[in-house]
Amino acid sequence: RVPRSSGKPRIILIRYVVPLLLESKPFTLALSDREGTRNVYAGTPNPGQVLEFAERAIGESELKIYVDGILSKTIHYKAP
């Protein structure tokens, strides 16, 4: 049986521009893939700051963005 291509590791390029808020708030970016969930960023960025990461992922993946502990956005990455 041929293994599915979605099981191969790949690099996901993540680029997120922090919204222009009235004040800085804590952000957490959590990446989930076949291996589980891990935080790729946790901090209090400046409004307008660009957060960029190259992360390893296996299979279908999603990035959840939390602002002040509240889920703000989910971005899906399809497996190749």
Side-chain angles (χ1 to χ4, degrees):
R1 186 169 184 205
V2 177
R4 293 177 21 185
S5 62
S6 63
K8 294 180 182 177
R10 64 195 165 119
I11 300 297
I12 293 176
L13 300 176
I14 297 167
R15 184 176 193 274
Y16 181 73
V17 179
V18 177
L20 295 172
L21 306 169
L22 295 176
E23 60 186 62
S24 294
K25 295 187 183 239
F27 273 69
T28 302
L29 278 63
L31 182 64
S32 298
D33 67 3
R34 187 177 283 180
E35 294 184 321
T37 302
R38 62 193 172 280
N39 287 347
V40 295
Y41 177 84
T44 307
N46 294 319
Q49 183 175 342
V50 178
L51 304 175
E52 293 182 298
F53 309 95
E55 291 292 325
R56 180 181 164 280
I58 296 178
E60 303 256 337
S61 308
E62 69 179 14
L63 180 72
K64 291 188 176 182
I65 301 165
Y66 297 88
V67 180
D68 208 12
I70 299 169
L71 180 62
S72 171
K73 186 175 188 176
T74 301
I75 301 170
H76 297 278
Y77 298 92
K78 294 203 180 268

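Computation of the quantities below employed the complete heavy-atom set of this structure, encompassing side-chain atoms and omitting hydrogens, waters and symmetry-equivalent molecules.
- Atom CG of residue D68 and atom CD of residue E23 lie 8.5 Å apart, to the nearest 0.5 angstrom.
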Stepwise side-chain contact (heavy atoms from CB on, under 4.5 Å) check, L63 with V40: CA-CA 9 Å; L63 180 72; V40 295; 4.2 Å; yes
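- Atom CZ of F53 is separated from atom CG of L13 by 12.0 Å, given to the nearest 0.5 angstrom.
- Summarising the geometry of R10 relative to Y77, their closest heavy-atom pair is NH2-O, 3.7 Å, with the distance given to 0.1 Å.
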Verdict with reasoning, Y41 to Y16, per side-chain contact (heavy atoms from CB on, under 4.5 Å): CA-CA 11 Å; Y41 177 84; Y16 181 73; over 6 Å; no
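- Closest approach of A79 to G59, counting heavy atoms only: CB-C, 3.9 Å.
- The distance from atom CD of E62 to atom CD1 of I12, rounded to the nearest 0.5 Å, is 10.5 Å.
- Among L51, N46, I65, the single residue meeting the side-chain contact (heavy atoms from CB on, under 4.5 Å) criterion with V18 is L51.
- R56 and L31 make their closest contact through O-CD2, 4.2 Å (heavy atoms, listed as atom of the first residue, atom of the second, distance).
- Closest approach of P45 to S24, counting heavy atoms only: O-OG, 3.5 Å.
- In this structure, T44 and P26 approach most closely via the heavy-atom pair OG1-CA, 3.8 Å.
- The heavy-atom pair separating A30 from N39 by the smallest distance is CB-OD1, 3.6 Å.
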Check against side-chain contact (heavy atoms from CB on, under 4.5 Å), E55 and S61: CA-CA 11 Å; E55 291 292 325; S61 308; over 6 Å; no
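- Evaluated for a salt bridge (charged side-chain N to carboxylate O under 4.0 Å, His left out) with D33, the options R38, K78, K8 yield exactly one hit, R38.
- For the atom pair I14 CD1 and I75 CD1, the distance stands at 8.0 Å (nearest 0.5 Å).
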